[in-house]
Engineer: 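Questions regarding the structure given below will be posed in turn.
The chain is numbered in sequence order, starting from 1.
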Amino acid sequence: MSKQYHLNDTVSSIKGIGEQTSIKLNRLGIETVGDLINHFPVRYYDFTEPKQLKHLSQGEMASFIGTTGKIKSFFTKTSKLLTQTTVSDSSGKILLTWFNNPFIKRVLKENTIYTFAGKVSFWGKGLTVIAPIFEEGGVPSINTGGFVPVYPQTEGITSKWLRTKIHSLLPTIQITDPFETELQIKLNLLSETEAYQYIHFPPSKELRWEADKRLSFNEHLLININNRLAQKNLGKSLALKIISGTTKKTTQKIPFKLTIDQQKTVSAIYKDLQSSEFTHRLIQGDTGSGKTATIIFAANQCLTNKLSCAIMAPTEILANQHYKTFQSLSLFPKQIQLITGSSKDKPQTNKPVIYIGTHSLLTKLPKILKFPLAFVAIDEQHKFGVKQRDELINRSPLPHLFNLSATPIPRTVALGLLGDIDISNITHKPQNRLPTKTFVVSPTHFKKSPNWLRRQLQNGSQIFVVCPNIEEHNSRIVSVNKISKIYQKIAGDKFPVYIIHGKMKTDKQNEILTQFKNTGRGVLVSTSLIEVGIDIPSANVMIIHSAERFGLASLHQLRGRVGRGEEQGYCFLVPTNDDEEETERLQLLQKFKTGLILAQKDLRLRGAGQIFGTRQHGSLPTRLKYFWSKKLFLSAKEIAREIADKNPQKAKHIVSLFETC
């Protein structure tokens with residue numbers, strides 16, 4: 001009798017998986033048996049019908065059965081080892097080719113029937129299949145017949161290895177289905193065991209989609225039960241009365257006319273604030289689109305209702321910028337307080353206040369306020385962890401939550417696409433602003449740029465240079481201290497080179513930024529500290545070294561620091577190496593200009609993370625088609641509400657079962 005495995009057993013407990021293989025699997029995020037069977041295919045090869053050789057065509061993936069001929073190995077003019085054999089069946093023949101693989105001649109036998117699978121290519125004078133999968137005999141297996149799964153892989157872990165291991169593992173796993181049979185029948189869902197079997201090895205396309213649907217529904221129900229239980233624990237939110245007079249006065253005080261998108265966003269925010277049910281809204285718009293203005297309307301309504309609100313920013317620079325904006329445009333300039341790491345005053349609690357600050361709000365703002373928070377707005381949400389966000393809103397009454405972002409984190413995009421977070425899009429761009437031109441440039445090619453950079457400086461443009469590190473910890477990764485010397489040579493004596501980073505005191509940072517802005521010339525070398533809250537219209541060039549070390553959200557934000565005037569902006573993304581694999585991801589910045597689209601692309605690439613966990617990417621099954629079904633998600637939401645409201649203990653039990661899947 002074969003060993004039985006539990007989903008939370010480590011992969012090293014699986015027969016045939018040693019320490020080195022475990023390390024390789026860890027690179028794919030696979031640490032347990034459950035992780036392994038939740039490592040879903042990215043696609044399938046349709047090898048349901050082996051093809052006759054005469055029907056093979058260039059470019060197709062196909063399986064076929066044939067008899068091997070003489071196997072020959074020889075070296076080409078470029079010293080490559082070439083191994084070839086001709087395979088034939090009753091309809092014709094085709095050449096098979098392997099490069100630099102001396103083992104083929106040892107394992108492949110002449111005049112023997114094999115089942116092959118691979119991509120048909122045109123090479124030399126005719127068709128060939130390069131490095132096909134092959135298995136002795138004329139009966140296709142899991143690698144050469146049916147719908148063959150193709151998995152995300154890493155060095156030393158191939159799709160063939162994963163297929164073999166998962167296929168042998170599935171019958172030995174003990175899976176407790178979280179759903180009662182009655183619910184499965186009612187919703188027309190496969191059992192948990194069937195779903196895992198068919199997602200990896202589907203007998204038909206129909207059963208593959210049914211498996212996808214069941215596993216997606218699992219995730220949707222888990223998300224929604226957790227959401228409902230959390231809401232029940234946190235309680236109600238405050239419902240405001242929207243005062244039209246306050247809206248009119250705010251409109252009169254703001255020195256510009258709201259765009260249609262801004263007007264729609266303000267109306268949506270008002271609707272949220274009038275609800276006693278907790279609401280969560282993403283206000284998405286690129287730099288300069290006017291997201292902050294919509295929050296000023298909300299804040300004025302709060303104080304009119306004798307309630308407070310909080311706006312949290314990731315840096316003191318941005319918090320100070322918001323503070324100045326609110327003091328200028330709020331109807332309550334004397335009821336605004338700045339709370340940062342360098343603030344010495346205690347929070348005012350004897351009146352309604354607009355609290356503006358950094359993460360210091362988490363520790364300095366009392367949980368119980370005489371004039372409680374009606375809402376919390378988090379600017380540049382991707383700069384904060386989930387725990388930090390929850391820490392600020394975890395109070396009673398429960399504040400409504402508004403996330404402001406040019407590039408929202410993938411989790412928020414996922415919930416928005418599924419209908420669990422409302423999204424307000426502000427697409428307006430300031431007049432006369434040109435889109436920043438973005439280029440991915442290899443380090444070798446970038447070495448040819450000094451003359452162009454000098455011309456930019458001579459023409460009155462200022463240059464931002466960003467690196468991931470302050471000091472050199474790794475000779476490959478560019479640091480502020482090292483690269484600043486290179487730019488000092490480029491700038492010469494005519495143009496100043498400034499340096500700024502997070503180890504400097506806030507006062508010193510502000511002093512340097514003010515100098516850079518006021519001189520109107522030179523180069524500023526920095527870490528990603530300047531990602532938000534910097535507005536220097538004469539800065540038109542952004543150069544990001546070791547760009548692959550930054551997320552798409554950060555890169556897009558940094559790009560937004562240039563081209564803020566009427567001149568053309570340029571952003572250069574310079575990877576660490578010429579052959580950097582991450583270049584493909586960086587190319588997305590060249591192709592797409594808006595933050596929401598980039599966030600959606602990031603979501604597809606990296607996953608949305610645990611929606612109710614603390615990681616921001618990694619574990620959600622975003623490769624499942626039905627995961628993106630809004631209809632399925634809303635169906636799960638209705639069932640989750642019913643279970644959580646009627647029987648919280650049952651809801652918690654279902655969650656515990658899901659969390660081992």
Engineer: Given 3.5 Å as the limit, does a donor-acceptor pair link the side chain of D422 with the main chain of R281, or not?
Structural biologist: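 Between the backbone of R281 and the side chain of D422 there is no qualifying donor-acceptor contact (under 3.5 Å).
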Engineer: Can you find a side-chain donor-acceptor pair between D212 and Y198 that sits under 3.5 Å?
Structural biologist: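 Judged by distance alone, the side chains do not pair up.
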Engineer: Report yes or no: do S191 and T193 form a side-chain donor-acceptor pair below 3.5 Å?
Structural biologist: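 No, no side-chain donor-acceptor pair sits under 3.5 Å.
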Engineer: Measuring from I654:CD1 to I639:CD1, what's the distance to the nearest 0.5 Å?
Structural biologist: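 Separation between the atoms: 10.0 Å.
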Engineer: Would you say the side-chain atoms of R214 and N218 include a donor-acceptor pair closer than 3.5 Å?
Structural biologist: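 Result is yes, a qualifying pair exists.
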Engineer: In terms of side-chain heavy atoms, does T294 have a donor or acceptor partner in Q262 at a distance below 3.5 Å?
Structural biologist: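 Checked: T294/Q262 side chains show no N/O donor-acceptor pair below 3.5 Å.
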Engineer: Within the 4.5 Å heavy-atom criterion, are K236 and P397 side-chain neighbours or not?
Structural biologist: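 Contact flag for K236/P397 side chains = no.
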Engineer: Does E155 offer a backbone N or O that forms a donor-acceptor pair with the side chain of R27 under 3.5 Å?
Structural biologist: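 Yes; judged by distance alone, with no hydrogens or angles, the pair exists.
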Engineer: Quick one: NZ on K15 to CG on L169, what's the gap to the nearest 0.5 Å?
Structural biologist: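 Here the rounded value is 13.0 Å.
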Engineer: Within a strict 4.5 Å, meaning less than it, do heavy atoms of the T21 and I157 side chains meet?
Structural biologist: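 Yes, side chains in contact.
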Engineer: Counting C-beta onward and ignoring hydrogens, is there a side-chain heavy-atom pair between S12 and E19 closer than 4.5 Å?
Structural biologist: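 A side-chain contact under 4.5 Å is absent here.
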Engineer: Please report the closest heavy-atom contact between I311 and H322, naming both atoms and the distance.
Structural biologist: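 Nearest pair, atom of I311 first, then H322: CG2-CD2, 4.4 Å.
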Engineer: Would you give the length of the straight line joining atom CD1 of I30 to atom OH of Y151, rounded to the nearest 0.5 angstrom?
Structural biologist: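 So the gap between those two atoms works out to 10.0 Å.
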Engineer: Would you check if the side chain of H400 reaches a backbone N or O of S237 as a donor-acceptor pair within less than 3.5 Å?
Structural biologist: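 Flag not set: sc H400 to bb S237 has no pair under 3.5 Å.
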Engineer: How long is the gap from NE2 on H39 to CG on L162, to the nearest 0.5 Å?
Structural biologist: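 Between H39 NE2 and L162 CG, I get 5.0 Å after rounding to 0.5 Å.
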Engineer: Are the side chains of T144 and I133 in contact, using a 4.5 Å heavy-atom criterion?
Structural biologist: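 They are in contact (side-chain heavy atoms under 4.5 Å apart), so the answer is yes.
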Engineer: Among Y626, F179, F633, which one satisfies ring pair (Phe, Tyr, Trp, His ring centres under 6.0 Å) with F217?
Structural biologist: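 When Y626, F179, F633 are each tested with F217, the ring pair (Phe, Tyr, Trp, His ring centres under 6.0 Å) holds only for F179.
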Engineer: Could you tell me whether K364 atom NZ has more than 12 heavy atoms of other residues or ligands within 6.0 Å of it?
Structural biologist: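 Counting other residues, nucleotides and ligands, NZ of K364 exceeds 12 neighbours.
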Engineer: What's the verdict on side-chain contact (heavy atoms from CB on, under 4.5 Å) for L273 and F402, showing C-alpha distance, side-chain angles and the deciding distance?
Structural biologist: CA-CA 11 Å; L273 292 175; F402 302 127; 4.1 Å; yes
Engineer: Please check if the number of heavy atoms outside Q263 that lie under 6.0 Å from its CD is greater than 12.
Structural biologist: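 Yes, CD of Q263 has more than 12 neighbouring heavy atoms, counting only those of other groups under 6.0 Å.
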Engineer: Check whether any side-chain heavy atom of F375 sits under 4.5 Å from a side-chain heavy atom of L307, and report yes or no.
Structural biologist: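 Of all side-chain heavy-atom pairs linking L307 with F375, none is under 4.5 Å.
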Engineer: If every non-hydrogen atom of L7 is compared with every non-hydrogen atom of Q174, which pair is closest and at what distance?
Structural biologist: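 Minimum heavy-atom separation between L7 and Q174: CG-O, 4.4 Å.
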Engineer: Look at the side chain of N425 and the backbone N and O of D261, then say whether any donor-acceptor pair between them is shorter than 3.5 Å.
Structural biologist: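 Absent.
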Engineer: What are the two closest non-hydrogen atoms of A374 and L240, and how far apart are they?
Structural biologist: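 Result for this residue pair: CB-CD1, 3.7 Å.
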Engineer: Is the backbone N or O of K160 less than 3.5 Å from a side-chain atom of T164, with the two atoms forming a donor-acceptor pair by type?
Structural biologist: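 Confirmed, T164 side chain pairs with K160 backbone.
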Engineer: Keeping the roles fixed (side chain from E210, backbone from E206), state whether a donor-acceptor pair exists under 3.5 Å.
Structural biologist: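 Side chain of E210 to backbone of E206: no pair is present.
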Engineer: Step by step, would you call Q301 with T247 a side chain to side chain donor-acceptor pair (under 3.5 Å)?
Structural biologist: CA-CA 8 Å; Q301 290 291 344; T247 301; 3.0 Å; yes
Engineer: So, do L401 and F278 sit near enough that their side-chain heavy atoms are less than 4.5 Å apart?
Structural biologist: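 Yes - at least one pair of side-chain heavy atoms lies under 4.5 Å apart.
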Engineer: Of all the heavy-atom pairs spanning Y196 and I199, show the shortest one and how long it is.
Structural biologist: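 Distance-wise, the nearest heavy atoms are O-CG2, 3.3 Å.
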Engineer: Rounded to the nearest 0.5 Å, what's the gap from CG on D9 to CD1 on I14? Could you check?
Structural biologist: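 The distance works out to 8.0 Å.
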Engineer: Check whether any side-chain N or O of R228 sits under 3.5 Å from a backbone N or O of A651 as a donor-acceptor pair, and report yes or no.
Structural biologist: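 Absent.
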Engineer: Using modelled atom types and a 3.5 Å cut-off, is there a donor and acceptor pairing between side-chain atoms of S216 and backbone atoms of K213?
Structural biologist: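 Looks like no, no N/O pair under 3.5 Å.
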Engineer: Between A195 and A211, which heavy-atom pair has the shortest distance, and what is it?
Structural biologist: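 That would be O-CB, 3.3 Å.
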Engineer: For E60 and K119: C-alpha separation, side-chain torsions, deciding distance, then whether salt bridge (Lys or Arg N to Asp or Glu O under 4.0 Å) applies.
Structural biologist: CA-CA 6 Å; E60 74 171 323; K119 187 174 184 178; over 6 Å; no
Engineer: Between Q590 and Q587, does any side-chain donor sit less than 3.5 Å from a side-chain acceptor?
Structural biologist: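 Yes - a donor-acceptor pair under 3.5 Å links their side chains.
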Engineer: Please check if the number of heavy atoms outside K367 that lie under 6.0 Å from its NZ is greater than 12.
Structural biologist: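 Correct, the count exceeds 12.
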Engineer: Please tell me if the side chains of V33 and H6 come closer than 4.5 Å, counting only heavy atoms from C-beta onward.
Structural biologist: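 When only atoms from C-beta onward are counted, H6 and V33 do not touch, as no gap falls below 4.5 Å.
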Engineer: Once you round to the nearest 0.5 Å, how far does NZ of K306 lie from OG of S308?
Structural biologist: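 One finds 11.0 Å between NZ of K306 and OG of S308.
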Engineer: With a 3.5 Å distance limit and no angle check, can you tell me whether S275 reaches the backbone of D272 through a side-chain donor-acceptor pair?
Structural biologist: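 Here the side-chain-to-backbone pair does not exist.
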Engineer: Are Y44 and F201 close enough that some pair of their side-chain heavy atoms sits under 4.5 Å apart?
Structural biologist: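 They are not in contact (no side-chain heavy atoms under 4.5 Å apart), so the answer is no.
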